[in-house]
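This one's a predicted model, so the numbers in the text were calculated from it and none came from an experiment. The basis for the numbers below is simple: all heavy atoms, side chains too, and nothing from hydrogens, waters or symmetry mates.
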Amino acid sequence: MPVEVTEDAVLGGRLRLRQPARGHRVGHDAILLAAACPARAGERVVDLGAGVGAAGLALVARVDGVRVTLVEIDPDLAALAKQNAECNGLAARVTAVPLDVAAPARAFAAAGLGPESIARVLMNPPFNDPRRHRPSPEAGRRLAHAGPNGTLALWLKVAARLLRPRGTLTLIWRAEGLADILGALVPAFGGVAVLPIHGKPAEAAIRVLVQATKGSRAPLAMLPGLILNDQAGRPTPEAEAILRGGAALPLAKG
C-alpha cells in the first residue's frame with residue numbers, strides 16, 4: 001500500500017519537504033542540527049539517519065557550495081529525501097543513499113563514502129533506549145526514535161571512520177543523556193562544545209547540541225543555551241531567526 005505523504009513548508013517556506021503523514025515527522029531537531037554545523041563551501045558532509053533529508057537540505061540551503069550525502073536506512077524515506085532535493089532545486093549538491101548506518105565499511109565505500117573522506121558529519125541518532133522508554137506502536141516513529149543498547153557507540157564509530165583528521169561531528173541528543181555522549185566520544189573526539197536547548201526560560205534543557213572534533217585535545221566548552229519559547233509560549237526572536245529565518249547557531253562558527 002502506498003504511504004500517504006504530505007508536503008510541508010519549513011524554514012519559513014525556504015524548503016518544501018515531502019514526508020509521511022504518519023510516523024516520525026520533521027521537527028525542530030533537524031533544523032537546529034543544520035544550524036549548528038560549521039560546514040564551508042567545497043566541503044563534503046554526511047547526514048547519518050537523514051530521514052526525508054530535512055537537516056542536510058537545510059544545511060545546503062544555508063551554505064553555498066557544500067555537498068551533502070543523506071544516509072537513511074528506510075528506502076522509502078531515502079526516496080523522499082531524493083525527491084525533496086530535486087523539488088527544492090538542490091539535487092546537484094545532495095545525494096540520498098538507502099544505507100544502514102550499521103552497514104560494513106565496504107558498503108559505505110561503494111556509496112562513495114570512504115574512510116577519512118568527509119569534512120563534517122551530522123546525526124540525530126535514535127536516542128530512546130527501548131528498555132527504558134515505551135516504544136511507539138508506529139513502525140516509522142519507532143525506528144527513528146528508539147535504538148538498542150550500543151546504537152550511540154556504533155554511530156560515533158562510523159562518524160569517526162568517515163571523518164578526516166580534524167573533521168567535526170555535530171549531533172543532537174536528549175539533554176539528560178549528555179553524560180552518555182561525553183563518555184562515548186572518547187577517545188576518537190575532543191574539543192567538545194555543548195549548547196543546551198531549553199523549551200522555556202528557567203526550565204531544564206530538553207536537548208543538547210554537541211559538536212566534537214576528530215583527534216582534538218581541546219577542553220570541553222559549555223555554551224550559553226538557546227531558549228525556544230518565552231514564558232507565555234511564544235517563540236523567542238532567537239529561535240525564530242534559526243527555525244524560520246535560517247540563521248546559524250554559534251556552533252556553526254567552528
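- Residues Pro38 and Gln211 approach most closely at CD-NE2, 3.3 Å, considering heavy atoms.
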Evaluate Thr6 against Arg18 for side-chain contact (heavy atoms from CB on, under 4.5 Å), listing each step before the verdict. CA-CA 6 Å; Thr6 66; Arg18 302 189 75 218; over 6 Å; no
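- Of all non-hydrogen atoms in Gly56 and Asp47, the two that sit nearest each other are N-OD2, 3.2 Å.
- Lys200 contributes atom NZ, which lies 10.0 Å from atom CZ of Arg234 (distance to the nearest 0.5 angstrom).
- The structure places SG of Cys37 at 9.5 Å from CG of Leu169, a figure rounded to the nearest 0.5 Å.
- The pair Glu116-Lys214 meets the salt-bridge criterion, with a side-chain N (NZ, NE, NH1 or NH2) lying under 4.0 Å from an Asp/Glu carboxylate O.
- Using a 4.5 Å heavy-atom threshold, the side chains of Pro98 and Ile73 count as separate.
- A heavy-atom distance below 4.5 Å is found between the side chains of Pro126 and Trp155.
- Here the CG-OG distance, from Leu185 to Ser216, works out to 11.5 Å after rounding to the nearest 0.5 Å.
- At least one side-chain heavy atom of Leu178 sits less than 4.5 Å from a side-chain heavy atom of Val210.
- Using a 4.5 Å heavy-atom threshold, the side chains of Leu209 and Leu32 count as touching.
- Side chain of Asn124 to main chain of Gly49: no donor-acceptor pair is present (N/O by atom type, distance under 3.5 Å, no hydrogens or angles).
- Here the shortest heavy-atom pairing between Trp173 and Pro125 reads CZ3-CB, 3.7 Å.
- Put simply, the side chain of Thr168 never gets that close to the backbone of Ala212: no donor and acceptor are under 3.5 Å apart.
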Walk me through whether Val71 and Leu113 qualify under side-chain contact (heavy atoms from CB on, under 4.5 Å). CA-CA 10 Å; Val71 173; Leu113 303 173; 3.9 Å; yes
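- Note: the hydrophobic cluster containing Val186 does not contain Leu182 (ILVMFWY, side chain heavy atoms under 4.5 Å, direct or indirect links).
- Heavy-atom minimum distance, Val52 versus Pro20: CG1-CD, 4.0 Å.
- The two residues Ala184 and Leu156 come nearest to each other via the heavy atoms CB-CD1, 3.4 Å.
- Under the 4.5 Å side-chain contact rule for hydrophobic residues, Ile227 and Met222 do not share a cluster.
- Looking at Arg25 and Asp8, a side-chain N of the basic residue comes within less than 4.0 Å of a carboxylate O on the acidic one, giving a salt bridge.
- Taking the side chain as every heavy atom from C-beta outward, Leu228 and His28 approach each other to under 4.5 Å.
- Remark: the backbone N or O of Leu90 is not paired with any side-chain donor or acceptor of Asn88 at under 3.5 angstrom.
- For the pair Leu122/Val45, a side-chain contact is recorded, criterion being any heavy-atom separation below 4.5 Å from C-beta on.
- The pair Glu43-Arg164 meets the salt-bridge criterion, since a charged nitrogen lies less than 4.0 angstrom from a carboxylate oxygen.
- Using a 4.5 Å cut-off on side-chain heavy atoms (C-beta onward), Leu11 and Leu243 make no contact.
- Atom CZ of Arg62 has more than 12 heavy atoms from other residues, nucleotides or ligands within 6.0 Å.
- With respect to the salt-bridge test (charged N to carboxylate O, under 4.0 angstrom), the residues Arg207 and Asp29 qualify.
- The distance from the CG atom of Leu70 to the CG atom of Leu48 is 10.0 Å, given to the nearest 0.5 Å.
- Using modelled atom types, one side-chain atom of Arg14 and one backbone atom of Arg244 make a donor-acceptor pair closer than 3.5 Å.
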For Phe108 and Leu99: C-alpha separation, side-chain torsions, deciding distance, then whether side-chain contact (heavy atoms from CB on, under 4.5 Å) applies. CA-CA 8 Å; Phe108 276 83; Leu99 184 64; 3.8 Å; yes
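- Proximity of a side-chain donor or acceptor of His198 to a complementary backbone N or O of Glu203 within less than 3.5 Å is detected.
- In this structure, Leu220 and Val194 have side chains that are in contact, with non-hydrogen atoms separated by less than 4.5 Å.
- The distance from atom CE of Met123 to atom CD1 of Ile172, rounded to the nearest 0.5 Å, is 13.0 Å.
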Might you work through the side-chain contact (heavy atoms from CB on, under 4.5 Å) test for Thr69 and Val97, ending with a clear yes or no? CA-CA 7 Å; Thr69 299; Val97 179; 3.7 Å; yes
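- Between the side chain of Thr236 and the backbone N or O of Ala239, at least one donor-acceptor pair lies under 3.5 Å.
- Between the CG atom in Leu57 and the CZ atom in Arg93 there is a gap of 10.0 Å [rounded to 0.5 Å].
- Among all heavy-atom pairs drawn from Val68 and Val60, the shortest one is CG2-CG2, 3.4 Å.
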